[in-house]
Trainee: 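Take a look at the following structure, please.
Every chain is numbered from 1, with letters handed out A, B, ... down the list of sequences.
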Number of protein chains: 2
Amino acid sequence: MSSVKNFDTYFKSAFTVDNVIFGFDESDLKILLIKRQEEPYENHWALPGYFVLPDEDLNTAARRVLKQLAGLDNVYLEQVKSFGSVDRHPFGRVITVAYFSLVKIADFNPRPDNDVANEVRWFSVADISHLDLAFDHEEMILECFAKLKRQVRVQPVGFELLPPRFTLTELQHLYEAILETDLDKRNFRKKILSMNLLIDLDEIQEGVAHRPAKLYRFDLQKYKEFLQEGFSFEVKESKRKEKPLSN
Amino acid sequence: MSSVKNFDTYFKSAFTVDNVIFGFDESDLKILLIKRQEEPYENHWALPGYFVLPDEDLNTAARRVLKQLAGLDNVYLEQVKSFGSVDRHPFGRVITVAYFSLVKIADFNPRPDNDVANEVRWFSVADISHLDLAFDHEEMILECFAKLKRQVRVQPVGFELLPPRFTLTELQHLYEAILETDLDKRNFRKKILSMNLLIDLDEIQEGVAHRPAKLYRFDLQKYKEFLQEGFSFEVKESKRKEKPLSN
DNA sequence: CCATTTAGTGTATTTTTTACACTACTGGCC
DNA sequence: GGCCAGTAGTGTAAAAAATACACTAAATGG
């Protein structure tokens, strides 16, 4: 009854993974980009990404790229969306799978010893639109940033983005950067402390020219619970002087 | 400086789209499956899906499949996730992009006049695990169902799944089916009506052997606003007699 | 020691969520 | 016509969560 048709015409495509890697440095949300060293879009800034090898799973490919281009290992990684417009790649039909990754900037260890990128650098999210990125990478970043905004209300992303020890103000700044809004200090602290997700280290900042803040770390145990169950983060915004991005 | 490498080895893959089509018939959440008419997995139940044509965008392909296999047009469609395990397809390397779709079962118009499926049928979500589905389709369904659960808290999905006129009880049953929990009738009504998303039609059910319920429809205008801004749906669950699925 | 800068804290008010049980209306049966 | 079965429809009080808001505390640097 059934016949084996010829499917060869379909097996002429390629796929890639691209990573939108978010980092945070005490005030600014950043994304890691590479300057491409090969065609197409040679010398354009682009997301770190590459072809998926024939015998490689998607997640594996994303982690390999993360390692090869940024020396990053064991980081938070999540698939976001695939992009497959017919003409998005000049070499042929190429679908790319976008991943988003959250890393501590201090862990970043650039690897110029690869033949894909000749430069790797962090850019503020707000500056990305001036760069004329390769492919449809700007669109991909916007989608991933939107995803991060949703994620932050439901998962303690600070754990991935902040250094091991941090102050409540740093944590608040992170939330403000992601949500692009100002938060009320007292309400933020009340909320975040009531989650019992933070451990007071009984240490304080040193060498700052003002009252030093207490240092905290995340409770890994609680964090894992949240990863499974999710949580709900809401703090009503207060008026902001100005809105970065999205203008 | 740069050289054009040989990328041919990467251009030997194919990709497909698969649709997880949700429908609702007054008590039960259902998924549309086809019985495959060709290899691989001939005669297995599977998600409606097919290869993406060389000159076809992903969304276009998903809509084409929806139309060809189920006669469905103009429906809610959203990309969910891509699946690309190395060995998921016996014919070679094939990534599939999973879409989820919400349709009114009454609009469904099966098309046996295609050469992919020789049967198309709705299955209760709870029954799917007994079917031994083709490929990794069961995993795909679980991911999409999880997505629907998240979506329902943030978007008025009822608009897509219910007939044009419906009762509040039907709407509540829909939420209960998706969330797999019981909801408190009074609190549900209070909440849903306070959103001003429903229009009271001043009509009632006919021919039911009990007090007839009032009929409502969605306010298309408000619905579109919600689509853009999202909303927040929460009603605390009450105890349930039993939990379907996920056991 | 004074100026500057950021850290840290509590309360009253409003809003939202929750728990909960009885009456209303219809068809069908006798 | 009256009664039964079955679902529709309704309100309130209590608890919990979210909000608005302003002053004191601790460090450095001149």
Side-chain angles (χ1 to χ4, degrees), chain A residues 25-27 152-154 158 162 165-177 179 181-217 230-241, chain B residues 26-27 152-154 162 165-177 179 181-217 230-241:
Chain A
D25 78 358
E26 70 207 79
S27 65
V152 76
R153 295 176 177 275
V154 137
L162 290 177
R165 307 182 317 150
F166 53 87
T167 69
L168 291 181
T169 301
E170 283 166 0
L171 184 58
Q172 183 177 343
H173 286 338
L174 171 62
Y175 275 79
E176 290 176 334
L179 295 171
T181 186
D182 282 353
L183 301 173
D184 179 272
K185 182 160 68 166
R186 279 183 286 197
N187 292 338
F188 177 82
R189 284 164 185 242
K190 207 185 309 175
K191 179 101 186 183
I192 212 85
L193 289 173
S194 75
M195 291 177 178
N196 291 319
L197 188 62
L198 302 185
I199 295 177
D200 183 342
L201 286 170
D202 275 319
E203 297 174 62
I204 56 171
Q205 284 181 310
E206 284 175 19
V208 288
H210 55 77
R211 176 174 176 177
K214 292 169 76 171
L215 294 172
Y216 292 83
R217 67 178 175 84
F231 75 150
S232 179
F233 176 87
E234 287 296 342
V235 175
K236 179 63 181 301
E237 64 186 54
S238 58
K239 315 106 228 165
R240 178 165 204 146
K241 327 114 200 176
Chain B
E26 70 207 82
S27 65
V152 77
R153 294 176 178 275
V154 136
L162 290 177
R165 307 182 316 148
F166 53 87
T167 69
L168 290 180
T169 301
E170 284 165 2
L171 185 57
Q172 182 177 344
H173 286 338
L174 171 61
Y175 274 79
E176 290 175 334
L179 294 171
T181 183
D182 282 352
L183 301 174
D184 179 90
K185 181 161 68 164
R186 280 185 284 199
N187 292 337
F188 177 82
R189 285 164 183 242
K190 207 184 312 172
K191 179 102 184 180
I192 211 84
L193 289 173
S194 75
M195 291 177 180
N196 291 319
L197 187 62
L198 302 185
I199 295 177
D200 182 342
L201 287 169
D202 275 319
E203 297 175 61
I204 54 172
Q205 283 181 312
E206 283 175 19
V208 288
H210 53 77
R211 175 173 178 179
K214 292 168 77 173
L215 294 172
Y216 292 83
R217 66 177 175 85
F231 76 151
S232 180
F233 176 87
E234 287 295 343
V235 174
K236 178 62 182 299
E237 64 185 54
S238 58
K239 315 105 228 164
R240 177 166 202 144
K241 327 111 201 178

Trainee: Round to a whole Å and report the spacing from CG of B:N187 to C1' of C:dC20.
Mentor: 9 Å
Trainee: So which one's nearest nucleotide on DNA chain D is more toward 5', B:P212 or A:I204?
Mentor: B:P212
Trainee: So, taking the atom named CZ in A:F166 and the one named CG in A:L198, what distance separates them when rounded to the nearest 0.5 Å?
Mentor: 5.0 Å
Trainee: Supply the atom-to-atom distance A:K185 NZ to A:R189 CZ, rounded to the nearest 0.5 angstrom.
Mentor: 5.5 Å
Trainee: Go nucleotide by nucleotide along DNA chain C from the 5' end; which of A:K190 and A:L215 gets its closest nucleotide reached first?
Mentor: A:L215
Trainee: Please report the distance, rounded to the nearest Å, between CG in B:D200 and P in D:dT10.
Mentor: 10 Å
Trainee: If I take atom CD1 from residue A:I192 and atom CG from residue A:L171, how far apart are they, to the nearest 0.5 angstrom?
Mentor: 5.0 Å
Trainee: For D:dT10, does the base pair up with any side-chain atom of B:K185 as donor and acceptor (N or O, under 3.5 Å, distance only)?
Mentor: no
Trainee: Over how many whole Å does the gap from B:I192 atom CD1 to C:dT16 atom P extend?
Mentor: 16 Å
Trainee: Report yes if at least one side-chain N or O of A:K191 is closer than 4.0 Å to OP1 or OP2 of D:dA18; otherwise report no.
Mentor: yes
Trainee: Rounded off to whole Å, could you give me the CG-to-P distance for the A:D184 and C:dG10 pair?
Mentor: 15 Å
Trainee: Taking donor-acceptor contacts at under 3.5 Å, does the side chain of B:R186 reach the base of C:dA21?
Mentor: yes
Trainee: Calculate, to the nearest 0.5 Å, the distance between atoms NE2 and OG1 belonging to A:H173 and A:T167 respectively.
Mentor: 7.5 Å
Trainee: Once you round to the nearest 0.5 Å, how far does CZ of A:R165 lie from CG of A:L162?
Mentor: 13.0 Å
Trainee: What's the CD-C1' distance between A:E203 and D:dA27, to the nearest Å?
Mentor: 17 Å
Trainee: Atom CZ of B:F188 and atom P of D:dG9: how far apart are they, to the nearest Å?
Mentor: 12 Å
Trainee: Counting only side-chain heavy atoms from C-beta out, which of D:dG9, C:dA7, C:dT17 sits nearest to B:R189?
Mentor: D:dG9
Trainee: Tell me: CD of A:Q205 to P of C:dT5, nearest whole Å?
Mentor: 16 Å
Trainee: If you only use heavy atoms from C-beta on, which nucleotide in D:dG29, C:dA7, D:dT19 is closest to the side chain of A:A209?
Mentor: D:dG29
Trainee: Under 4.0 Å, counting only non-hydrogen atoms across every strand here, what does B:T169 touch: a base, just sugar-phosphate, or nothing?
Mentor: sugar-phosphate
Trainee: Between atom CG in A:L168 and atom C1' in C:dT9, what is the gap in whole Å?
Mentor: 12 Å
Trainee: Quick one: does B:R211 reach the base of D:dA8 with a side-chain donor-acceptor pair under 3.5 Å?
Mentor: yes
Trainee: Between A:H210 and B:T167, name the one whose nearest nucleotide on DNA chain D is closer to the 5' end.
Mentor: B:T167
Trainee: How is B:K214 classified with respect to the nucleic acid when contacts are heavy atoms under 4.0 Å: base, sugar-phosphate, or nothing?
Mentor: sugar-phosphate
